[in-house]
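Quick notes on the structure that follows.
Here the structure is a predicted model, which means the values were calculated and not measured. In each ligand, atom 1 is the first atom listed, and ligand 1 is the first ligand listed. Throughout, numbering of the chain's residues begins at 1 and tracks the sequence.
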Amino acid sequence: MVHGRVSRLSVHDVRFPTSLGGHGSDAMHTDPDYSAAYVVLETDAEDGLKGYGITFTLGRGTEVVVCAVNALAPHVLNKDLGDIVGDFRGFYRQLTSDGQLRWIGPEKGVVHLATAAVLNAVWDLWAKQEGKPLWKLLVDMDPRTLVSCIDFRYITDVLTEEEACEILQQSQVGKKEREEQMLAHGYPAYTTSCAWLGYPDATLKQLCSEALKDGWTRFKVKVGADLQDDIRRCRLVRNMIGPEKTLMMDANQRWDVPEAVEWMTKLAEFKPLWIEEPTSPDDILGHAAISKALAPLGIGVATGEQCHNRVIFKQLLQAKALKFLQIDSCRLGSVNENLSVLLMAKKFEIPVCPHAGGVGLCELVQHLIIFDFISVSASLQDSPSN
Ligand SMILES: C[C@H](O)[C@@H](O)CC(=O)C(=O)O
Ligand SMILES: [Mg+2]
């Protein structure tokens, strides 16, 4: 039973100098310092449990997110945890509808990243008080309670609360077996760690051969800055991993729409499963055009790590703009909003392959994707997450 009144919210600016080694670099983020706005919630409960929540940021961006978290703090402080999670939809809406802060959103950008950090901490505290990891808290929750955490505003044209409940009800079949499967074998993953854009070929080769030895079968390569470099690097990786293993490419929003099609046509010989973020994350119709053009080449479009909210995901799905949907545990408004996107993806039969390239993201998103497999999608087809 959840209990306690939130007595303290602290937020820390945590940064790692990853840019020094080119770790995490891509065609748009050439000097990323992996960072996080790190929120800690304390309550007056005697158990002494704390809720920890983060949002992923890069370097100086963290300062701005920390300010936004502090601006949201009054919504959480002195609130009863039972009241928060008892009306989680209302609490989500309270945070995202702050009459002064929503002007700098709404439900997007810095203020939404801050919302994610705060709500991630609330979910963490709830799970800890229940004595379960987050995925298990979600898996064990009855469908009605689960959907009561979701704000359906702006998405009822594609997913109503009733439909969401039906999806969850239908997926009750085989749930126990899928949970056992996850506990025994885990969730399939891919690696991006061999082929950040700032790595010289020698590093790429060494990391790729180590990853092969470690048993990795799916590899993502950063592309988009220079075509000749991309051809050389993709050839190198494809030759090392062989024709059977999976290769993905990620352009991190570098191209215009026609450029994306042209560039990927030249990289098609390396047989990528997907091209990730080929263009602006806001360009829904652009993604749709790229998807249509690349489908005959067997290349799907993946996107989502910088997708602002459920509304943009809704439109990407409606426009058939993506073949792989990449939720991000800290970009959307935490678990609450991610639940709505998982359910929409199920309705459109699009596999979810979470984004996790960033500090803390792998640790967070594994809870969402394990829940997705057990309680929503019930499928591992086309679902490698990193
Ligand atoms: C800046 C980040 O490292 C970004 O490149 C991560 C990413 O796009 C991914 O993992 O995918
Ligand atoms: Mg990416």
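Closest heavy-atom approach to atom 1 (C) of ligand 1 among the candidates Gly24, Gly358, Ser25: Gly24.
Neither the backbone nor the side chain of Gln326 has any atom closer than 4.0 Å to an atom of ligand 1 (non-hydrogen atoms only). Neither the backbone nor the side chain of Glu277 comes within contact range of ligand 1; no heavy atom lies under 4.0 Å.
Ring pair Trp123/Phe88 is parallel by interplanar angle, where below 30° counts as parallel and above 60° as perpendicular.
Among Leu81, Leu125, Ile84, Val122, the single residue meeting the side chain to side chain contact (heavy atoms under 4.5 Å, CB included) criterion with Val2 is Leu81.
In this structure, Lys220 counts as a contact residue of ligand 1, since one of its heavy atoms falls inside 4.0 Å of the ligand.
In this structure, Ser25 and Lys222 have side chains that are not in contact, with every pair of non-hydrogen atoms separated by 4.5 Å or more. Two residues are said to be in side-chain contact when any heavy atoms from C-beta on lie closer than 4.5 Å; Asn120 and Tyr52 fail this criterion. Asn336 places none of its side-chain heavy atoms less than 4.5 Å from the side chain of Ile150.
Set against the non-hydrogen atoms of Asp250, the atoms of ligand 1 under 4.0 Å away are 7 (C), 8 (O), 9 (C), 11 (O). Residue Tyr34 approaches ligand 1 through these ligand atoms, each under 4.0 Å from one of its heavy atoms: 2 (C), 3 (O). The Lys222 neighbourhood of ligand 1 comprises atoms 4 (C), 5 (O), 6 (C), 7 (C), 8 (O), 9 (C), 11 (O), with distances under 4.0 Å to a heavy atom of that residue. Annotation for ligand 1: atoms under 4.0 Å from non-hydrogen atoms of Trp196 are 3 (O), 5 (O).
If you look at His23 and Phe16, their ring centroids are not closer than 6.0 Å. Phe371 and Trp135 have their aromatic ring centers separated by at least 6.0 angstrom.
Annotation: angle subtended at the Mg ion (ligand 2) by Glu305 OE1 and Asp250 OD2 is 170°, to 10°.
The Mg ion (ligand 2) lies closest to atom OE2 when only the N/O/S atoms of Glu276 are considered.
Residue His29 has no N or O atom closer than 3.5 Å to an N or O atom of ligand 1. Not a single N or O atom of Thr192, backbone or side chain, sits closer than 3.5 Å to an N or O atom of ligand 1. Close N/O approach between Asp26 and ligand 1 is found [any backbone or side-chain N/O within under 3.5 Å].
A salt bridge links Lys136 and Glu179; the closest N-O separation between the charged side-chain nitrogens and carboxylate oxygens is under 4.0 Å.
Taking NZ of Lys347 as the reference point, atom NZ of Lys314 lies at 11.0 Å (rounded to 0.5 Å).
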